Chemist: 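Structure incoming, see below.
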Amino acid sequence: MKMIEAVTDSLPDLDSDKKAKSLFNFGKCRVCKDKATGIHYGVASCEGCKGFFKRSVEKNEKYVCYFGYKCEITPKQRKKCKFCRWKACLAAGMSFEGIKMGRIPKIEKERAKFCTDSLSDEEQDPKMDVDIDVQAKNSPSSNSLSPVPYNGDLVPVKKTYPDLVYFDQPSVKVINSDDFLVSFEIDKLLEPQLERSHLVFSMLRDRCYQLFVQFTEKYEKQYDRALRVLRKLEASLVNENLSKAELWENFVKETSYHTKTSFMYVKQLPGFETIDPNDLITILDMNIFILYGLRVQKLFINGEHYIIHDNNVQFNRNNMYKCFGIDLTNRIMYYHARLNSLNMSNQEISLLIPYVLSSTKSDFVDPDSIRTVNEYYKHALAQEFLVSKRSPTFINQLAQYLSYTVEISNKCRNLQITDS
DNA sequence: GTAGCCTTGATT
DNA sequence: AATCAAGGCTAC
């Protein structure tokens, strides 16, 4: 008997043959290239990606990529970046609208087989290389996804899932890209006639850059240090054992330093001396966080924060979590990642700052002066963008990214109230 | 949280 | 009845 049992047990081939007959080969998972176990949410996919998609939708997850928004999704690496995996799920065409219960009609099955086979034969990698524009939400035309699960008309092309859920689309504008684009066009058209203005603008440009260099001197040194750490020439400064209270104390000190030096800096910006001192304080107060972000922008590298606080403490993501909580930290990191992707020059940032500051809306004592200053910087910045050959897309993106700071600033203020 | 396996119920 | 995917369960 034992022999027989052993023999029958050792003959899984029969079983698997039976199973193999009933099991349709779905090829590779269209999300991660693992073995697909069936059509899940409209896409041939593995159990892992099926579950991941379900969990993501159920919990209305808001993922963030810390590695440049183009992570490769493979069976081994798929757990590393939820954002890119989620993006891949959508790119593959997963959606709840695509759900279909029950038996698959024979013709559809054949069609699916044909498509999956031909897809796994020729490398489909280029599909995933499509530059992932996380801003696709409001510009469905250009970079939005075009999921094509299967060709042909027998299997309907699945609709894209509404969209990635990022942080809520901000409604408040920090800068007005429309106004800006108009000025951009005027500068382009009237370039020869604006020579005199150009002189003014180039003076603005030089002075602002000079001030910006002073303003960011401390962080420029930290940037060099960060690069050394990244190249493993210097040990990391991370201290994971600091308490929230200690980290908070550091943060408060840094903020205090920032506020003081910002005031000195802003006062020297060309044109800002014409602004009423009370208004200047209002402007600074309303923009203190956005200004800090632009000041230390360079220190956000590859999804990590390399700012160094007092006592040589790197205020990295983990330390930020402790201080700010996950949501705010993610928002900040996300904002900087997006802004970083624009690769703005120091010249651009040095003109962007006064432009943003003078774009502030509030009940000012003397709003006219601010408006005048704002006009000058708008043209100077447009000029600078022209030199850098920036596209209107760039300007729209910049405006959009900057608007993320509104929510961040609000949350930063709330932090101060609840934690001090 | 992830993913392999199992149950349930819809569809042919 | 057979076949399929969604969702539940649960060991990692």
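So that the names make sense, note that chain A is the first sequence line, chain B the second, and so on, each numbered from 1. When reading the values below, keep in mind they use all heavy atoms of this one structure, side chains included, and skip hydrogens, waters and symmetry mates. Since this is a predicted model, take the numbers as computed values, not measurements.
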Chemist: Rounded to whole angstroms, how far apart are CD on A:E47 and C1' on C:dA6?
Modeler: 10 Å
Chemist: So, A:K378 and A:E375, do they make that salt bridge, N to O below 4.0 Å?
Modeler: yes
Chemist: Using atom types as modelled, flag every donor-acceptor pair under 3.5 Å from a side chain in residues 283-293 of chain A to any protein atom, sequence neighbours excluded.
Modeler:
unit_1 : atom_1 : unit_2 : atom_2 : d
A:N287 : ND2    : A:I283 : O      : 2.8
A:N287 : ND2    : A:T360 : OG1    : 2.8
A:Y292 : OH     : A:E254 : OE2    : 2.8

Chemist: For the helix from B:dG1-C:dC12 to B:dT12-C:dA1, what angle separates the axis at the start from the axis at the finish, each from five pairs, in steps of 10°?
Modeler: 10°
Chemist: Check the distance between B:dT2's P and A:I73's CD1 and give it to me in whole angstrom.
Modeler: 12 Å
Chemist: Suppose we screen for side-chain contact (heavy atoms from CB on, under 4.5 Å). Which residues come up paired with A:L342, at least two apart in sequence or across chains?
Modeler: A:L339, A:M344, A:F394, A:Q397, A:L398, A:Y401
Chemist: Among residues two or more places apart or on two chains, list those pairs meeting salt bridge (Lys or Arg N to Asp or Glu O under 4.0 Å) that have a residue in residues 392-403 of chain A.
Modeler: none
Chemist: With a 4.0 Å limit, can you tell me whether A:K50 has a side-chain N or O closer than that to the phosphate oxygens OP1/OP2 of B:dT2?
Modeler: no
Chemist: B:dG4 base to A:K35 side chain: any donor-acceptor pair below 3.5 Å?
Modeler: no
Chemist: Please report, rounded to the nearest Å, how far the C1' atom of C:dT3 is from the CD1 atom of A:I39.
Modeler: 13 Å
Chemist: Does OP1 or OP2 of C:dG7 have a side-chain N or O of A:Y41 closer than 4.0 Å?
Modeler: yes
Chemist: Take the protein atom NZ of A:K54 and the nucleotide atom P of C:dA6, then report the distance between them rounded to whole Å.
Modeler: 10 Å
Chemist: Under 4.0 Å between a side-chain N/O of A:R78 and OP1 or OP2 of B:dT2, yes or no?
Modeler: no
Chemist: Remember a base hit wins even if backbone is also touched, and classify A:G51 as base, sugar-phosphate or nothing at under 4.0 Å, heavy atoms.
Modeler: nothing
Chemist: To the nearest Å, give me how far apart NZ (A:K76) and P (B:dT2) are.
Modeler: 18 Å
Chemist: Just compare B:dT2, C:dG7, B:dA3 and give me whichever is closest to any side-chain atom of A:R85.
Modeler: B:dA3
Chemist: Whole-Å distance between B:dG4 P and A:H40 NE2?
Modeler: 11 Å
Chemist: Over how many whole Å does the gap from A:D34 atom CG to B:dC5 atom P extend?
Modeler: 12 Å
Chemist: Can you spot which of A:F300, A:F251, A:Y219 makes a ring-ring contact (aromatic ring centres under 6.0 Å, His included) with A:H305?
Modeler: A:F300
Chemist: Run the side-chain contact (heavy atoms from CB on, under 4.5 Å) test against A:K79 and tell me which residues pass, sequence neighbours left out.
Modeler: none
Chemist: May I have all residue pairs that pass salt bridge (Lys or Arg N to Asp or Glu O under 4.0 Å) and include part of residues 259-269 of chain A, sequence neighbours excluded?
Modeler: none
Chemist: For A:K33 and B:dA3, what is the distance between atoms NZ and C1' respectively, to the nearest whole Å?
Modeler: 19 Å
